[in-house]
Undergrad: 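Right, I'll just put the structure down here and ask away after.
Below, each value reflects all heavy atoms present in this structure, side chains not excepted, and no hydrogens, waters or symmetry copies. Numbers restart at 1 for each chain; the letters A, B, ... are given by sequence-line order, proteins then strands.
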2 protein chains.
Amino acid sequence: MASEAQRRTQLVEATVHEIGEARSLNVTVSKIAKRAGVSSGLAFHYFGDKDRLFLAAMRYILTIYGAEVRGALAVAQTPRDRVEALIRTSFSSTNFRDDVISAWLNFYVLAQSSDEARRLLSVYHRRLHSNLTHDLRPQVGDRATAVAERIGGLIDGLYLRSAIIPQALHGTAAMDHVLATLDIEIGQAQ
Amino acid sequence: MASEAQRRTQLVEATVHEIGEARSLNVTVSKIAKRAGVSSGLAFHYFGDKDRLFLAAMRYILTIYGAEVRGALAVAQTPRDRVEALIRTSFSSTNFRDDVISAWLNFYVLAQSSDEARRLLSVYHRRLHSNLTHDLRPQVGDRATAVAERIGGLIDGLYLRSAIIPQALHGTAAMDHVLATLDIEIGQAQ
DNA sequence: TATCATTGACTGATCAGTCAATCAATCGGT
DNA sequence: ACCGATTGATTGACTGATCAGTCAATGATA
């Protein structure tokens, strides 16, 4: 017998793996439960329904991403280092794992129809934006907000491209483009 | 009785509408057929299976987008105008219709598991990239390729954000950011 | 004994895809 | 003009499979 917390984690991780394997949200609760080594009944017992299991998986992904960002920021010294840390984290190997990519894409789709999913996604966006703005201000002053918007958008867009069509744009190249944009924006007259 | 071409178009358009309404690919062929005013059997008769109906819908969206781009380019005079036209078209009202947004997002998901969907998506990417590169070259010289990559990525990323969380970023604002980036990139020393 | 974890068989609903049958248009021959 | 035949358009009932969610029963623990 395991504690509720352990089971929830197992189920959530299994959900991410299954989504990654199916490359869509078309995964059955039974398969998820099987992968987690429990019965389907238990999944329903703890999460109520499939939607809430998906949302828990989304929170899990966002939590890990958030932790990675915090870790990277912790070792950064200058504001410039901190912005670079934010960019590099977005293109880290963690975020290029097949299941993580698939999860993100499907969460974007889910965000269209689920208020809670949209809320979670906008929390991520706001946090990234506020981190960027904070560390860009010493470097670009009043332009910080606008530059943060552009750097953030560029991260999302290039991530999307390199995740889906890696032949056309490797993750490393994508990251370099964002860093190049950062240099250009910082070099602008204020 | 209607011709095969007419029926195919009706079914494809109905598919886009249904995807837009469901905000996912979880739509039944029966509902699509009903919306198109025909029986489900006819949909299978013409498209074979659901996947091929989705791919046809994707081609339809990309064709319309391509036509809009061609139209906008036709009236543009200078290279700068042409790049602007490409950017503005990506944020046109057509592309902000709910069903079109939903279709795009779901096509990104589909591209993970369907070779044909990925192929279609990379055709779109290559075309945008080559258009951008061509018209950027007179303005930024050898940097054209890199700048095109960044502008293209920014378009995708900001489109995604403004499509999903319009409260955080209106489509118009998103477009302005891309145009601002264009100015900055052109203003760079070569 | 009381409580919590866990199972897995079961139900009801949904849906992709099939198929045999009907309906409409066209055409070649008379 | 008329007719049978051929071809293509169209239907919708049907099947087999899948799956979300339920629930009564069992196992473990304190």
Side-chain angles (χ1 to χ4, degrees), chain A residues 1-58 102-103 106-107 109-110 112-117, chain B residues 1-58 102-103 106-107 109-110 112-117:
Chain A
M1 265 201 193
S3 74
E4 168 162 352
Q6 284 174 316
R7 289 294 188 226
R8 292 187 97 102
T9 306
Q10 284 170 357
L11 282 162
V12 162
E13 285 175 350
T15 304
V16 175
H17 283 133
E18 284 295 325
I19 291 175
E21 211 157 89
R23 280 154 154 72
S24 91
L25 296 182
N26 275 332
V27 293
T28 72
V29 176
S30 295
K31 275 194 98 177
I32 292 170
K34 195 170 189 179
R35 173 165 233 138
V38 298
S39 70
S40 68
L42 201 65
F44 286 104
H45 177 66
Y46 282 134
F47 291 94
D49 61 24
K50 209 178 163 182
D51 283 345
R52 269 174 282 178
L53 182 52
F54 282 156
L55 290 173
M58 190 165 167
S102 190
N106 281 289
F107 291 158
V109 168
L110 197 61
Q112 289 177 105
S113 60
S114 155
D115 286 344
E116 178 64 2
Chain B
M1 266 205 191
S3 75
E4 169 163 350
Q6 283 174 317
R7 289 295 189 225
R8 291 186 98 102
T9 305
Q10 283 171 356
L11 281 162
V12 161
E13 285 175 351
T15 304
V16 174
H17 283 133
E18 284 294 326
I19 291 176
E21 210 157 89
R23 280 153 156 71
S24 89
L25 298 181
N26 275 332
V27 294
T28 72
V29 175
S30 294
K31 276 194 96 178
I32 292 171
K34 195 169 189 179
R35 174 166 232 137
V38 299
S39 70
S40 67
L42 201 65
F44 287 104
H45 177 67
Y46 283 135
F47 291 94
D49 60 25
K50 210 179 163 183
D51 282 345
R52 268 174 282 178
L53 181 53
F54 282 155
L55 290 174
M58 190 164 166
S102 191
N106 281 289
F107 292 157
V109 168
L110 197 61
Q112 289 178 105
S113 59
S114 155
D115 286 344
E116 177 65 1

Undergrad: Expressed as a whole number of angstroms, how long is the span from A:Gln6:CD to D:dA28:P?
TA: 17 Å
Undergrad: Taking the axis from the first five pairs and the axis from the last five, what angle separates them in the helix from C:dT1-D:dA30 to C:dT30-D:dA1, rounded to 10 degrees?
TA: 0°
Undergrad: Donor-acceptor pairs under 3.5 angstrom involving side-chain atoms of residues 42-50 of chain B: please list them, not counting sequence neighbours.
TA:
{"residue": "B:Asp49", "atom": "OD1", "partner": "B:Asp51", "partner atom": "N", "Å": "3.4"}
{"residue": "B:Asp49", "atom": "OD1", "partner": "B:Arg52", "partner atom": "N", "Å": "3.1"}
{"residue": "B:Lys50", "atom": "NZ", "partner": "B:Val27", "partner atom": "O", "Å": "2.9"}

Undergrad: Please report the distance, rounded to the nearest Å, between CD in A:Gln10 and P in C:dA5.
TA: 13 Å
Undergrad: Kindly give the heavy-atom pair with the smallest separation between A:Phe107 and A:Phe54, and that separation in Å.
TA: CE2-O, 4.0 Å
Undergrad: Please state how far atom CG in A:Leu11 lies from atom P in D:dG21, giving the value in whole angstrom units.
TA: 15 Å
Undergrad: So do the side chains of B:Asn106 and A:Gln112 get within less than 4.5 Å of each other, counting heavy atoms only?
TA: yes
Undergrad: Whole angstrom is fine here: how far is it from CG in A:Leu42 over to C1' in C:dA5?
TA: 7 Å
Undergrad: Tell me every residue that passes side chain to side chain contact (heavy atoms under 4.5 Å, CB included) with A:Thr9, counting only those two or more places apart in sequence or in another chain.
TA: A:Glu13
Undergrad: Return the set of residues passing side chain to side chain contact (heavy atoms under 4.5 Å, CB included) with A:Ser114 (not counting sequence neighbours), or none when no residue passes.
TA: A:Leu55, A:Leu110, A:Glu116, A:Ala117
Undergrad: Do any of residues 44-53 of chain B sit with a heavy atom less than 4.0 Å from DNA chain C, and if so which?
TA: B:Phe44, B:Asp49, B:Lys50
Undergrad: I need the minimum non-hydrogen distance between A:Ser40 and A:Ser30, along with the two atoms involved.
TA: CB-OG, 3.9 Å
Undergrad: When you compare the side chain of A:Asn26 with that of B:Asn26, does any pair of heavy atoms fall below 4.5 Å?
TA: yes
Undergrad: Which residues pass the side-chain hydrogen bond (donor to acceptor under 3.5 Å, both in side chains) test with A:Arg23, sequence neighbours left out?
TA: A:Asp98
Undergrad: Does OP1 or OP2 of C:dT6 have a side-chain N or O of A:Arg7 closer than 4.0 Å?
TA: yes
Undergrad: A:Asn26 has an atom CG; how far is it from atom C1' of C:dA16, in whole Å?
TA: 13 Å
Undergrad: Please check this pair: side chain of A:Ser102 against backbone of A:Ile19, looking for a donor-acceptor N/O pair closer than 3.5 Å.
TA: yes
Undergrad: Just verifying a value: how many Å separate A:Thr15 OG1 and A:Arg8 CZ, rounded to the nearest 0.5 Å?
TA: 11.5 Å
Undergrad: A:Leu25 has an atom CG; how far is it from atom P of D:dC19, in whole Å?
TA: 14 Å
Undergrad: Could you identify which residues of residues 30-41 of chain B place a heavy atom less than 4.0 Å from some atom of DNA chain C, listed by residue number, or say none?
TA: none
Undergrad: Do any pairs count as a salt bridge (charged side-chain N to carboxylate O under 4.0 Å, His left out) and have a residue in residues 31-41 of chain B, sequence neighbours left out, and if so which ones?
TA: B:Glu18-B:Arg35, B:Glu21-B:Arg35
